[in-house]
There are 4 protein chains.
Amino acid sequence: MARGVNKVILIGNLGADPETRYTANGNPVTNLRLATDESYKDRNTGQMVPRTEWHRIVMFGKIAEVAGQYLRKGSKVYIEGRLQTNKWQDQSGQDRYTTEIIVDINGQMQMLDSRGGDSAGTGGGAPGAAQGGAPQGGGGYAPQGGDQNQGTGMPDPVDDFDDDIPF
Amino acid sequence: MARGVNKVILIGNLGADPETRYTANGNPVTNLRLATDESYKDRNTGQMVPRTEWHRIVMFGKIAEVAGQYLRKGSKVYIEGRLQTNKWQDQSGQDRYTTEIIVDINGQMQMLDSRGGDSAGTGGGAPGAAQGGAPQGGGGYAPQGGDQNQGTGMPDPVDDFDDDIPF
Amino acid sequence: MARGVNKVILIGNLGADPETRYTANGNPVTNLRLATDESYKDRNTGQMVPRTEWHRIVMFGKIAEVAGQYLRKGSKVYIEGRLQTNKWQDQSGQDRYTTEIIVDINGQMQMLDSRGGDSAGTGGGAPGAAQGGAPQGGGGYAPQGGDQNQGTGMPDPVDDFDDDIPF
Amino acid sequence: MARGVNKVILIGNLGADPETRYTANGNPVTNLRLATDESYKDRNTGQMVPRTEWHRIVMFGKIAEVAGQYLRKGSKVYIEGRLQTNKWQDQSGQDRYTTEIIVDINGQMQMLDSRGGDSAGTGGGAPGAAQGGAPQGGGGYAPQGGDQNQGTGMPDPVDDFDDDIPF
DNA sequence: TTTT
DNA sequence: TTTT
């Protein structure tokens, strides 16, 4: 039983196609990069300045399968999950931390694109969730150490999904 | 699968002891009256005016039992559920509507009184949430990464995912 | 100050065009009927049965104006507000209660239709939300850290906080 | 205006006393370390295994002051904010990222310790928690807005649980 | 009374 | 590093 609350609610757009892999047991795991667009008021100019926040989403179970099948780069989606920060060591042995939003059977996902194919919500509603054997993917989860992010300024608005995604 | 989102989050105090009854099938149903204290600014006086909002909560399943056992008049509690408006007829045959917050296996409840006995959260942990050897299950609590993750690169949740190492 | 939490989060579709009226002071008030689609598993047939829940939304302020202008019957929308139950008397003098979701400056609204014109979020960010030289203000959009944060240690939000560099 | 949703809701305990600093402009900024306790079911033993997740909270504005004054190591608190990941460079010039929960004027904070001194919610209502004036209809914080409100008074505050509970 |  |  949880003795606390740890909840994240996001609506945003995918920065790239989802990546789905399967565990040795055949359980699907899908990784998403999600952009939420916000803005803040510049105190000097009084103008609203756009800001894009990028989130790492990791999905498990049936919801992971549905996301892998129906979501695509640019898809708008509602996500409910929980925060989790993982500790790891980089090549130099230094402690590093990565924060992700975990979407599992306790989470929820809703496609918000009319074009989109389908939607899936969990939380008791996804019984059985039978899984087949599974393609064994390669790595793909490991975000390449993070140094690939050599942008020169603000991450681009989500409108342009051809740009690099920060971190 | 839901094609929408319907979520209510409340923190408040019970106005009376909970009332638990059982269905013909022996399933517990607990009713609560919950008060949330708020305030608004009076536009004439500029003063903050307190306001109490009362909510009807209906709980099902294990969460209903826990609430019936441990909550009491005055208990402070966190509740997550969904809105539901029921239609009924009064004595004169007129249509009437009552809006309740439903807390079932998809909801959550957290006791916030130190005095209080215990807390209960659902969503996977609740009885009935088949989880045994089933493939999907573990995903929910995916112990990927964690302090013990002493690898030299990014943690690979998928691998650890099938392991049994606590975190 | 609130001593409780009273939050509602909905994603659904309008059952009819919004209705906007104005108070004696000229403040806009918009009423919406919102449908959230859900489903539950019939315990006898094991089938998922669709269910539509209808919600009464009442919006105030700028958000009411935007909703009145851009939302239409069928529009998909994200709404964040609070529950409020109003007491009134019907013709026979009987007490009646109506539960609504209030969306004011503390709430939020997001249009989720690509067709739709615009989106509006409140919570201090709305235009007119006086923020000028006031000390507190900027905190709201605190551009602490970000790409330009080229320090050699952890980012120090407080320093950047007074800067004007976007992020 | 935000075109997305980025919301975090946490209930947990402080791992240490809050640290409050002030910007050059005199704006308070408070940092918290918050632990949320969860648990997952070990698939081999079937036992629930506890898990603690740690979160970095950064507060701005009045809420930062209140937190600095009243919260202490061990305090239980409800927090609503948004996710933000900051990029910075470590001593070796490597890109690093830190994810924080920002609690500003759009966020909320509620102390959940009875011992605790006070609570503070933002979102327009903030300053001057003075009480007194009489209820007045309409307006941004519209107490049961609408002409149909023919009640005989506001419902009683939750403090007195011996009073009748409305409807 | 909506939507996919 | 918290809490029950």
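The sequence lines fix the lettering, A, B, ..., with proteins before strands; numbering per chain opens at 1. Excluded from the calculations below are hydrogen atoms, water molecules and symmetry mates; all remaining heavy atoms, backbone and side chain alike, are included. Bear in mind that the values here come from a model prediction, so they are computed numbers and not experimental data.
For Tyr78(B) and dT4(F), the OH to P distance is 20 Å, given to the nearest whole Å. Straight-line distance from the CG atom of Leu14(C) to the C1' atom of dT2(E): 8 Å, rounded to whole Å. Following rounding to the nearest Å, Leu32(D) (CG) and dT1(F) (P) show an atom-to-atom distance of 18 Å. The CG atom of Leu112(B) sits 20 Å away from the P atom of dT2(F) (whole-angstrom rounding). Distance OH (Tyr97(A)) to P (dT1(F)): 12 Å, rounded to an integer number of Å. In this structure, Trp54(D) atom CH2 and dT3(F) atom C1' are separated by 9 Å, rounded to whole Å. Rounded to whole Å, atom P of dT2(F) lies 11 Å from atom CG of Asp37(D). Put simply, CE on Met111(D) is 14 Å from C1' on dT2(F), counting in whole angstrom units.
A search for side chain to side chain contact (heavy atoms under 4.5 Å, CB included) contacts involving Asp90(C) returns Gln94(B), Trp88(C), Ser92(C), Gln94(C), Arg96(C), not counting sequence neighbours. Every residue meeting the side chain to side chain contact (heavy atoms under 4.5 Å, CB included) condition with Glu65(B), not counting sequence neighbours, appears here in chain and number order: Tyr22(B), Pro28(B).
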> Can Ile57(D) and Glu100(D) be said to form a side-chain contact (heavy atoms from CB on, under 4.5 Å), step by step?
Replying inline: CA-CA 6 Å; Ile57(D) 317 287; Glu100(D) 298 168 323; over 6 Å; no
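Taking the charged nitrogens against the carboxylate oxygens, Glu38(D) and Arg82(A) do have a contact shorter than 4.0 Å, which makes a salt bridge.
Counting any heavy atom pair closer than 4.0 Å across all strands shown, Thr52(D) reaches a base atom.
Of the candidates dT2(E), dT4(F), dT1(F), the closest approach to any side-chain atom of Arg3(A) belongs to dT4(F). The nucleotide whose nearest atom lies closest to any side-chain atom of Asn13(C) is, among dT2(F), dT1(E), dT3(E), dT3(E).
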